[in-house]
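Okay, structure first, notes after.
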Amino acid sequence: MPADVTSASSATGSPGANRAWWLKTLHRWHWMSAAASLAALLVFSATGITLNHASQIEAEPRVVNTTDELPASVLRPLAGEHGEAAPLPPSVAEWFSREMDIHAGGRGAEWSEDEVYVSLPRPGGDAWLAIDRTTGEFEYERTDRGWIAWLNDLHKGRNTGTAWRWFIDIFAVACLLFALTGLWLLQLHARQRGKTWPMVALGLAFPALLIILFMH
């Protein structure tokens, strides 16, 4: 075998070459996970502060109350028997969406002999809709607690729906990848950076001491 081929082969499997490959791979995954999670990480970090000081951040809830009456043709499907927690009939939900900008379709409702009630919680506020099954009169109330409350609810995943909960899970995986590749890179660079492990130990010890000393 030629000497140059032999030397190239041995270099590829050498410790230095393996370390270089791991460094390149880890740096790639580290920056990719950082780029993918950067925007959400900024929002979740900021809302961590607002959640921690929620009692000190004053917000005046804005309540909007609307009362009206359903047309007879729309009221008709509300008559008769309905299953427990059955949603509004599609034609009724469509009318509310089109005419009142109230999106109540597909949500479980509470049915009684005289009334149907739909709870409509949402991030940063709340809402509900009550319809008289006999007269067609309805009342809709919406509460808005402001954009900080909205961001806080996004942070907690409160009343945000399935898609947002999936996003939180994917974002959490990206953050884990970012942290784990960062830890691995610290290990690879630790020989040249003597303060690496003392700083990591401090990062572990400080919150542990806070928990031990101040949480009772």
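Note that this is a predicted model, so its numbers are computed, not measured.
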Taking atom [atom1] of [X] and atom [atom2] of [Y], what is their separation to the nearest 0.5 Å?
| X | Y | atom1 | atom2 | value |
| --- | --- | --- | --- | --- |
| E81 | W111 | CD | CH2 | 10.5 Å |
| L38 | W31 | CG | CH2 | 12.5 Å |
| Y140 | D68 | OH | CG | 14.0 Å |
| D153 | T160 | CG | OG1 | 8.5 Å |
| T135 | L70 | OG1 | CG | 8.5 Å |

Task: Side-chain heavy-atom pair E141, V63 within 4.5 angstrom cut-off - done: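 Of all side-chain heavy-atom pairs linking V63 with E141, at least one is under 4.5 Å.
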
- [ ] For residues I131 and F96, determine if any side-chain heavy atom of one lies less than 4.5 Å from a side-chain heavy atom of the other.
- [x] yes

Open item on the list: Students often mix this up, so state it plainly: with edges at 30° and 60°, are the rings of F138 and W95 parallel, tilted or perpendicular?
Closed with: perpendicular

Open item on the list: Strictly distance-based, threshold 3.5 Å: is any side-chain N or O of R133 a donor or acceptor partner for the main-chain N or O of S112?
Closed with: yes

TODO: Quick one: closest heavy-atom pair of L154 and I168, and the distance?
DONE: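 It is O-CD1, 3.8 Å.
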
Assess whether atom [atom1] of [X] is packed by more than 12 heavy atoms of other residues, nucleotides or ligands within 6.0 Å.
| X | atom1 | result |
| --- | --- | --- |
| W128 | CH2 | yes |
| W29 | CH2 | no |
| Q192 | CD | yes |
| R107 | CZ | yes |
| R98 | CZ | yes |

- [ ] Check the pair N152, T50 against side-chain hydrogen bond (donor to acceptor under 3.5 Å, both in side chains), reporting the backbone distance first and the verdict last.
- [x] CA-CA 7 Å; N152 286 346; T50 57; 2.6 Å; yes

TODO: May I ask you to say whether R62 pairs ionically with D144, meaning some side-chain N is under 4.0 Å from a carboxylate O?
DONE: yes

